[in-house]
Amino acid sequence: MKVSIGTLLRTVARLTPKQVMTRPYARIAPRLATALSLRRKRSAGAERRMRHWAAVAVRPVEAAAIAEARGVLSGSASHCGIKVAVDRFSFDSPSRLWTYEFHYRRWLTGLALLCRSGEISAADVFGSWREADAAATDEIALWEPYVLSRRLCSEALALGLVCEQLPADVIGERLNAIEHEVAVLGFNTEGHLGANHELARASAFATLALLLAPERARHSLERYASTLVSQVDRDGLHEERSPAYHLIVLADLRRVIAALNAAETQSEWAAPIAAQLASVDGQMTLALQTLLHPDESLPMFHDSPALVSPSAADLGISTAGASGVYDLAESGLCGWRGSIGGAPAHLVADFGSPRPKHQPGHQHAAPFAFELWWGGLLFTSAGVSTYEGNGRRIFERGAAAHTSLRVDGSDPAEIWSAFRMGRGFAVADRKVSDSGVLFRCSAVHDGFLARQHRRTISLTADGALSVLDEISGRGDARVEAFFPVAPEWSVDASDNAVSITSGARRVSVSSSDSMCVDRDFEIARRFGQRQRTACLVISNSGSLPIRIDTRFQLRTTA
């Protein structure tokens, strides 16, 4: 993919000095770590701590792990929405991300669960584990910090689940392997990436340190806690503003808390850290409850599929029961939940700037995007189907894949490669209220350079949803507003009139501007699994300023 020098420089300008300085080392760190690291010594009781921890930590991933294990055993593994035939533990794969997912070894935890149920023997599991180790020795992805973090916790879970069925020498062998891998992870901080990658590494390192030697885990746990607090906003949402990554970070936090409980350390330093982690858990849980749709799916903002594993339900989290307006002001997400025409409804909008500045890899160029759930998902986005650096990835990160807006065919940010952003945008004059309506939010952003875009979304008690876009500046422009519709709804268009229906629910669309329907639009509610649907496109061309006033009337029929 070609990129201009200016875009590249603006991308580099986002980085912190720490990222710049550590990036060269990060490229060679995995190989250095595997060559130079020694075993991290464990203390007495490691097996017992791992067993108690695994009994708690496995619950959220149990169903997914068993499903993956059955796929591996049958020779047909499925990861990232792609099913391929595998020769047991062959590491040939159709994509880099597929390789990563396979290396996470959640299937190994699934095999251990099948051992506990008596479906297969523990000897079979650990024979396969050794085979996988041998096959993957030369796979550098195996030792990349994020992958290693996931793999280590899966391996520890597997061992904790079946250690009662194994002889002492096999347990010792596997603990020695985990000790070595923890030492390898100690060489790899992922400071050049930061954000959720750095946090995943810190959480895995703290978890295993507590299980192996809790009396020497203070530094690891303090490092994790400080990194976590620095990345969670005061409103409880993770700084990358992606509901799916927020859920992953929360699941990792609960795994650390479970390890701290299993360690049963009596050290004075442990109590305040435990209290701090419990407080952050409460904040993050409340933020997630607030954002969940009524069916407990996730809003598809910023590399967040609607359906992930583990899900919120797997963590015992359900949607908040309260109705009315909410505002996660620091993160920029806001919304309203209640009922329209007797059907549950949830409107959630992203009125925030891309964050964090130094790592916008999961941010999309879609300011003021929103989702509407009304008896089912109605207005949504294209989701995320791939992390490969291709045209589909660029599209899914752009405005045309969301309920957002483009000017002259351009996105309001410089999106390039799979996880890069040059020029971004800043949101200002943000207001959220329920004055005279059920919900209203308004803000302006500068992503179109000399032209400003203001959007105002309002929802009234009679089911009238209004989206007003105002583009100011000089000269002529073509403005396009996009409204992707979920596949469960049918879209009928004729003579610049559009109706959207699903069962007894009907949405009438009106606009003074040109309306057309793109029927080749695809969305991915799960990673890698796309569905055909329709996208309503409303456009206006002429001299600035330009207004696009779109109104949706929501009604139920008898």
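Worth saying up front: this structure is predicted, and the values here are computed from it rather than measured. Numbering starts at 1 and runs along the sequence shown.
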* Flag the pair S43 / R49 as yes when at least one side-chain heavy-atom distance between them is below 4.5 Å, and no otherwise. =>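 The answer is yes, as the side chains (C-beta and beyond) meet within the 4.5 Å cut-off.
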
* Quick one: are H238 and I248 in side-chain contact, heavy atoms under 4.5 Å? ->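 Side chain of H238 against side chain of I248, heavy atoms only: no contact under 4.5 Å found.
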
Donor-acceptor pairs under 3.5 Å, side chain of residues 202-213 to any protein atom, not counting sequence neighbours: which ones?
{"from": "S203", "atom 1": "OG", "to": "L199", "atom 2": "O", "distance (Å)": "3.4"}
{"from": "S203", "atom 1": "OG", "to": "A200", "atom 2": "O", "distance (Å)": "2.9"}
{"from": "S203", "atom 1": "OG", "to": "R255", "atom 2": "NH2", "distance (Å)": "3.2"}
{"from": "T207", "atom 1": "OG1", "to": "S203", "atom 2": "O", "distance (Å)": "2.8"}

* **M50 vs L175 side-chain heavy atoms within contact, under 4.5 Å** =>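 In short, these two side chains touch, coming nearer than 4.5 Å.
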
* Does H302 reach the side chain of R355, with side-chain heavy atoms less than 4.5 Å apart? ->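 A side-chain contact is absent here, since even the closest heavy-atom pair is not under 4.5 Å.
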
* Asked: For R223, does the CZ atom sit with more than 12 other heavy atoms under 6.0 Å from it, leaving out its own atoms?
  ->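 No.
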
* **Expected output: side-chain S381 to main-chain G383 donor-acceptor under 3.5 Å** =>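 Between the backbone of G383 and the side chain of S381 there is a qualifying donor-acceptor contact (under 3.5 Å).
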
* Step by step, work out the side chain to side chain contact (heavy atoms under 4.5 Å, CB included) result for E522 and S385. => CA-CA 10 Å; E522 292 182 318; S385 67; over 6 Å; no

* Answer yes when D303 and R393 have at least one side-chain N-carboxylate O distance shorter than 4.0 Å, and no when they do not. =>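 So D303 pairs with R393 through a salt bridge.
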
* To do: Verify, without hydrogens or angle tests, whether R241 (side chain) and S331 (backbone) share a donor-acceptor contact under 3.5 angstrom.
  =>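 Yes; judged by distance alone, with no hydrogens or angles, the pair exists.
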
* Asked: Got a salt bridge between E190 and R201, using NZ or NE/NH1/NH2 to carboxylate O under 4.0 Å?
  ->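 Salt bridge absent between E190 and R201.
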
* To do: From the options H192, H197, H103, select the one residue that forms a ring-ring contact (aromatic ring centres under 6.0 Å, His included) with Y146.
  =>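 Going through the options one by one, the only one that passes is H197.
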
* H362 and Y387: aromatic ring centres closer than 6.0 Å? ->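 When the ring centroids of H362 and Y387 are compared, they turn out to be within the sub-6.0 Å range.
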
* Got more than 12 heavy atoms from elsewhere within 6.0 Å of NE2, H358? ->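 Count over threshold, so yes.
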
* To do: Check whether any side-chain heavy atom of L328 sits under 4.5 Å from a side-chain heavy atom of D233, and report yes or no.
  =>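 Side-chain contact under 4.5 Å: no.
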
* Asked: Just checking, is any N or O donor in the side chain of R525 or T380 under 3.5 Å from an acceptor N or O on the other one?
  ->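 Checked: R525/T380 side chains show no N/O donor-acceptor pair below 3.5 Å.
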
* Should E47 and R42 be marked as a salt bridge (charged side-chain N to carboxylate O under 4.0 Å, His left out) after you check the CA-CA gap, both sets of side-chain angles, and the distance that decides it? -> CA-CA 10 Å; E47 176 188 339; R42 64 182 182 271; over 6 Å; no

* Asked: Do we see a donor-acceptor contact under 3.5 Å between the side chains of T386 and R530?
  ->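 Judged by distance alone, the side chains do not pair up.
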
* Asked: Heavy-atom distance under 4.5 Å between the side chains of V162 and L111, does that happen here?
  ->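 V162 does not reach L111 side chain to side chain.
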
* To do: For the pair H364 (side chain) and F301 (backbone), establish whether a donor and an acceptor sit closer than 3.5 Å, ignoring hydrogens and angles.
  =>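 Not confirmed, H364 side chain does not pair with F301 backbone.
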
* **Donor-acceptor pair, side chain of T319 and main chain of P294, under 3.5 angstrom** =>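 No.
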
* Q359 side chain to L193 main-chain N or O, any donor-acceptor pair under 3.5 Å? ->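 Yes, Q359 side chain to L193 backbone: donor-acceptor pair under 3.5 Å.
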
* **Whether S297 side chain and H293 backbone form a donor-acceptor pair below 3.5 Å** =>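 Flag not set: sc S297 to bb H293 has no pair under 3.5 Å.
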
* Do E488 and R505 sit within salt-bridge range, that is, some charged N less than 4.0 Å from a carboxylate O? ->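 Not counted as a salt bridge, because no side-chain N and carboxylate O are separated by less than 4.0 Å.
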
* Asked: How about L161 and C115: do any of their side-chain heavy atoms sit closer than 4.5 Å?
  ->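 No, side chains not in contact.
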
* Looking at side-chain heavy atoms only, is the closest gap between L286 and Q283 below 4.5 Å? ->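 No, every pair of side-chain atoms sits at 4.5 Å or beyond.
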
* Side chain R397, main chain Q363, donor-acceptor under 3.5 Å ->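 Yes; judged by distance alone, with no hydrogens or angles, the pair exists.
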
* Flag, side chain of W489 to backbone of L377, donor-acceptor distance under 3.5 Å ->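 Yes; at least one donor-acceptor contact below 3.5 Å.
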
* Would D252 and R150 count as a side chain to side chain contact (heavy atoms under 4.5 Å, CB included) if you check the C-alpha gap in whole Å, the side-chain angles of each, and the deciding distance to 0.1 Å? -> CA-CA 10 Å; D252 288 348; R150 300 296 171 204; 2.8 Å; yes

* Asked: How about R216: does its CZ atom have over 12 heavy atoms from other parts shown lying under 6.0 Å from it?
  ->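 Yes, the 6.0 Å shell around CZ holds more than 12 heavy atoms from other groups.
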
* Test item: side-chain donor near acceptor, H402 and D350, under 3.5 Å ->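 The answer is no; no qualifying pair exists.
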
* **Option passing salt bridge (Lys or Arg N to Asp or Glu O under 4.0 Å) with E181 (candidates R174, R105, R151)** =>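 Result for salt bridge (Lys or Arg N to Asp or Glu O under 4.0 Å) with E181: R151.
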
